[in-house]
Amino acid sequence: MFMYIFLFYWYFISSEYVLSKSSNSDCLNSFSSSACKQLTNIDFSRTSSLIFNNASFTKLSNYSDNFGHLLKLAPAAVLKPGKAKDIVKLIQFVYRYNSKLKNRKTKIFVACRGNGHATNDQNLLNKTGIIIDMSGLSSILHINTNKLWIDVEAGILWLQILKATLKLNPPLSPRSWTDVLTLSVGGTLSNVGISGQASRFGPQISNVLELDVITGTGRFITCSPTSNSALFYAVLGGLGQFGIIVRARIPLRIAPLKTRTYTAVYSDIQSFTSDQIMFLNDPKKLFDYVEGSINVSSNPFTFTIELAKYYDNPSTLPTNSYLASISHFNTDSLTDVDSTYFDFLNRVQATVDYLISIGVWDFPHPWLDLWLPASNITKFYNSAVASSNPVLINGPVLLYPIPTDLINSKTSLAFPSDPSNVIFLFDMLRTASPDPTLIAAAEADNLRVKTAAIGLGGKGLFNIAYTKGEWIQQYGSKYARLSKYKKRYDPLGILTPNQHIFD
Ligand SMILES: Cc1cc2nc3c(=O)[nH]c(=O)nc-3n(C[C@H](O)[C@H](O)[C@H](O)COP(=O)(O)OP(=O)(O)OC[C@H]3O[C@@H](n4cnc5c(N)ncnc54)[C@H](O)[C@@H]3O)c2cc1C
Ligand SMILES: *[C@@H]1O[C@H](CO)[C@@H](O)[C@H](O)[C@H]1NC(C)=O
Ligand SMILES: *[C@@H]1O[C@H](CO)[C@@H](O)[C@H](O)[C@H]1NC(C)=O
Ligand SMILES: *[C@@H]1O[C@H](CO)[C@@H](O)[C@H](O)[C@H]1NC(C)=O
Ligand SMILES: *[C@@H]1O[C@H](CO)[C@@H](O)[C@H](O)[C@H]1NC(C)=O
Ligand SMILES: *[C@@H]1O[C@H](CO)[C@@H](O)[C@H](O)[C@H]1NC(C)=O
C-alpha cells in the first residue's frame, strides 16, 4: 500500500517536472534563457495561460494563419488572458525587457487576435512575437438600461452582444453594425466597423462612449471623449498601434422589431450610385440602411441596391409603387422581404454556412477594401472595375455610400474627403482556389485596382498591407500626429508591428 502511494507520488512529481521542463524548453525555441526565466516567472492569474510554440513551430497552428490564408507566420507564444491585468503584466515585462536590449534581433513583439478575420499579417507574428488571444476576455460586464449602454470585454463578438441585448424588455441593440456579426469588438474598433447601418449611425468607431486600454508601456488607462481623449481617439481605427482595447462601452438603442429589405437591379453605375446617394441624403430618412453590390456574374456587370426599413408597424413602410416612382431601377427587379431585426442583421450567416458546407470558406481570400470619394466613383468604376476578370473575383463586390459627417475625424481612421460629404466603400471579397498562380493573379489585380483608386483620391480600408511610404500617403497630414502618439503610447514599437506604419 505504502509502495503504491509512493509510486503515485513519484509519478505525480515527475510528470509535473516533465511538464514544466518541457514548457520552459519550448520557451527556449524562441527566446533567450534570461527572457524565458522572467516570462515563466510572471504570476498570471489562474484563468490565464501562456503557451509556447514547440520545436517544429506547429503547435500554435491556430495562431499562424487567418481568414486570408495567404501567409503563415508561427508565433513564439500565445497568451490566453482570463483577466485584463494579465495583459498588463505581460506588456510590462516585454517593455522592460526590450528597453534593456542591446541586440534588436531579440526584441519581443505583441499583437492581439480578435477573431482572426484580418486577411494579411495584422494579427500574426513570427517567432519573436507573443499573440494575445482576446477570445477569453469576452464577458458582458454591465448593461445600463436607463442610460442605454453596455460595457463589454473587447474579445466579445457582436453577435453575443446582440443576443443578450435583444432579450431585454424593451429589446435593445447597439446602433452600428458590421455585415458579419462574428467579428470581435476590439478588432472592429481598431479598424472601422461598417455596414449599411453607417448611413444613419456612422461606423462603430463613431459609436463608443468609453474604453479601457493597455498601452505599449503596460499602463492601464480608462479613456473617453472627455478623459484621456488623445488615447481614446488614437486607439479607435488605430490598427492596434497605440494600445490594446480590453473594455468598451457601446451605446444602445431600442431595437426595432422587424425589417423590410428591398433590393432592385440597375444596369448602369450612374443611376445606381445616384439613387444610393439620394436615399442616403433623404431628409425624411425613408430608409435606415443603404447598401449595394456589383453583380460580376452578369455580362456586362449589373448593380443591386439593398435598402432596409426597420418597423414595428407595417403601415409606415414605403410602397413598391412609390419607390418605383422616385428611383431609376429596373421596376421588374424590385423585391421585398420581411424578417425579424435579428435575422436581418445576421442574414449573411446563412451564406457563410453554405460556403462552409461546400468546403470553400477556408479557401484563400485576397480581399481588397477601399474608400472612394463620391465625385470620382463613376470614373473609378469605368476605369478600374468594369472590365475586371470575374474569375479572379469569385465573391461579392460591395459598393455603398456613407456620409463623412458621421465619421468622427478625430479618430485614427484615414478616409477620403469629398465636396459632397459622401464617400463610397468598395470591397472585392475574393475567394481564390488554393493555387499560387491564381492567388498571385488576384493580388496583382488588387494592386491594379488599388493604384487606380489612390489616383482618384481613394484610400485603403481594412486588410491593407502597405509599405511605410504608402502609409505616409494614406494618412496625409494625419501621419505626423499619429507618429507622435506612437512615440507616446508605444515608444518601443511593440504593438502590432506587421502593419509597418511607423517602421
Ligand atoms: C467574413 C468577414 C466579414 C467582414 N465584414 C466586415 C464588415 O461588415 N464590416 C467591417 O467593418 N469589417 C468587416 N470585416 C473586416 C475586418 O477584418 C474586421 O472588421 C476586423 O479585422 C475585425 O476582425 P476580428 O475581430 O476577427 O479581429 P482580427 O482580424 O483578429 O484583428 C484585426 C486587427 O485588430 C487588432 N486587434 C484585435 N483585437 C484588438 C484589441 N482588443 N485591441 C487592439 N487591437 C486589436 C489585431 O491585432 C489586428 O491587427 C470582415 C471580415 C471578414 C473575414
Ligand atoms: C508540435 O506540436 C504539433 C501539434 O500538437 C505536433 O504535431 C508536432 O509533432 C509537435 N512537434 C514537436 C517537435 O514536438
Ligand atoms: C484550434 O482550432 C480548432 C478549430 O477551430 C479548434 O477545434 C481547436 O480547439 C483549436 N485548438 C486550440 C489549441 O485552441
Ligand atoms: C447576377 O447575374 C446573374 C446573371 O444575370 C444572375 O443569374 C444572378 O442571379 C445575379 N445574382 C444576383 C445576386 O442578383
Ligand atoms: C478625383 O480624381 C482626380 C484625378 O483624376 C483628382 O485630382 C481629384 O482630387 C479627385 N477628387 C477627390 C474628391 O478626391
Ligand atoms: C519578425 O517580425 C518582426 C516584427 O514585424 C520583424 O521586425 C522581424 O524582422 C521579423 N523577423 C524575421 C526573421 O522575419
Side-chain angles (χ1 to χ4, degrees), residues 15-16 19-20 22-24 26-27 30-31 35-54 59-64 66 75-97 108-118 123-125 129-143 150-161 163-164 182-190 210-223 235 240 243-250 494-496:
S15 60
E16 278 286 288
L19 261 181
S20 65
S22 86
S23 57
N24 272 323
D26 278 346
C27 180
S30 305
F31 300 125
C36 286
K37 201 167 159 206
Q38 297 173 63
L39 263 172
T40 47
N41 279 335
I42 301 176
D43 66 330
F44 292 121
S45 18
R46 268 187 327 112
T47 49
S48 293
S49 53
L50 180 64
I51 305 160
F52 295 99
N53 221 338
N54 63 5
K59 183 174 167 188
L60 297 177
S61 57
N62 281 14
Y63 300 94
S64 309
N66 59 25
V78 58
L79 176 70
K80 295 186 173 182
K83 294 206 159 76
K85 72 173 192 216
D86 293 318
I87 301 178
V88 171
K89 288 179 185 173
L90 179 77
I91 306 285
Q92 283 181 349
F93 156 74
V94 173
Y95 179 74
R96 223 180 326 112
Y97 181 84
I108 302 175
F109 296 91
V110 175
C112 288
R113 186 179 181 94
N115 201 25
H117 285 80
N123 52 12
L124 305 177
L125 290 171
I130 303 173
I131 300 278
I132 301 177
D133 176 349
M134 296 299 292
S135 65
L137 284 180
S138 57
S139 303
I140 291 173
L141 302 170
H142 189 68
I143 303 178
I150 183 168
D151 259 346
V152 292
E153 291 183 317
I156 197 170
L157 306 182
W158 290 96
L159 181 66
Q160 295 168 264
I161 298 182
K163 284 183 172 165
T182 52
L183 303 172
S184 76
V185 165
T188 57
L189 295 184
S190 301
E210 189 178 280
L211 297 171
D212 284 343
V213 171
I214 297 167
T215 68
T217 60
R219 286 183 64 201
F220 180 103
I221 299 177
T222 299
C223 54
V235 161
I244 294 169
I245 302 171
V246 291
R247 178 186 62 92
R249 181 169 295 173
I250 311 287
I494 291 165
L495 302 175
T496 328

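Keep in mind it's a predicted model, so treat the numbers as computed, not measured. Atoms considered below: every heavy atom in the structure, side chains included; atoms not considered: hydrogens, waters and symmetry mates.
- For the salt bridge (Lys or Arg N to Asp or Glu O under 4.0 Å) with D43, the qualifying choice from K83, K89, K85 is K89, the only one to do so.
- The minimum heavy-atom distance linking P75 with I131 is given by the pair CB-CG1, 3.8 Å.
- A side-chain donor-acceptor contact under 3.5 Å links T188 to the backbone of V185.
- Looking at heavy atoms from C-beta onward, D133 lies out of side-chain contact with L79 at the 4.5 angstrom threshold.
- L495 places a side-chain heavy atom less than 4.5 Å from the side chain of I244.
- Side-chain contact between Q160 and I140 is absent, with no heavy atoms from C-beta onward closer than 4.5 Å.
- By the 4.5 Å heavy-atom criterion applied to side chains, L39 and I42 are counted as neighbours.
- A distance-only check finds a donor-acceptor pair linking the side chain of Q92 to the backbone of G218 [under 3.5 Å].
- S64 places a side-chain N or O within 3.5 Å of a backbone atom of L60 that can act as its donor or acceptor partner.
- Within the model, atoms CG of N115 and CG of L183 stand 7.5 Å from one another, a figure rounded to the nearest 0.5 Å.
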May I have the step-by-step check of side chain to side chain contact (heavy atoms under 4.5 Å, CB included) for F220 and T215, ending in yes or no? CA-CA 7 Å; F220 180 103; T215 68; over 6 Å; no
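- Residues A35 and F93 come closest through the heavy atom pair O-CZ, 4.0 Å.
- Here the side chains of R249 and H142 are not in contact, with every heavy-atom distance at 4.5 Å or above.
- Residues W158 and I250 meet the side-chain proximity criterion, which asks for heavy atoms closer than 4.5 Å.
- Residues I130 and V78 fail the side-chain proximity criterion, which asks for heavy atoms closer than 4.5 Å.
- Residues N123 and N66 bring a donor and an acceptor atom of their side chains to less than 3.5 Å of each other.
- You'll find the side chain of E153 stays beyond 4.5 Å of the side chain of D212, heavy atoms only.
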Verdict with reasoning, K80 to I51, per side chain to side chain contact (heavy atoms under 4.5 Å, CB included) = CA-CA 8 Å; K80 295 186 173 182; I51 305 160; 4.1 Å; yes
When you look at V246 and V213, which way does the side chain to side chain contact (heavy atoms under 4.5 Å, CB included) test go after all the steps?
-> CA-CA 6 Å; V246 291; V213 171; over 6 Å; no
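- The main-chain N or O of S48 is never found under 3.5 Å from a side-chain atom of S45 such that the two would form a donor-acceptor pair.
- In terms of modelled atom types and a separation under 3.5 Å, the side chain of S184 and the main chain of G114 share no donor-acceptor contact.
- The minimum heavy-atom distance between L211 and A248, with the atom names listed, is CD2-CB, 3.7 Å.
- Summarising the geometry of I494 relative to Y95, their closest heavy-atom pair is CD1-CA, 3.8 Å, with the distance given to 0.1 Å.
- When atom types are taken as modelled, the side chain of S139 and the backbone of L141 share no donor-acceptor pair closer than 3.5 angstrom.
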Next item on the list: May I have the step-by-step check of side chain to side chain contact (heavy atoms under 4.5 Å, CB included) for T217 and I91, ending in yes or no?
Entry: CA-CA 7 Å; T217 60; I91 306 285; over 6 Å; no
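- Between the side chain of N53 and the backbone N or O of K59, at least one donor-acceptor pair lies under 3.5 Å.
- Of all heavy-atom pairs between I245 and G186, the closest is CD1-O, 4.2 Å.
- Annotation: the span from L137 atom CG to I132 atom CD1 amounts to 9.0 Å, rounded to 0.5 Å.
- Smallest separation of non-hydrogen atoms from F109 and L125: O-CD1, 3.8 Å.
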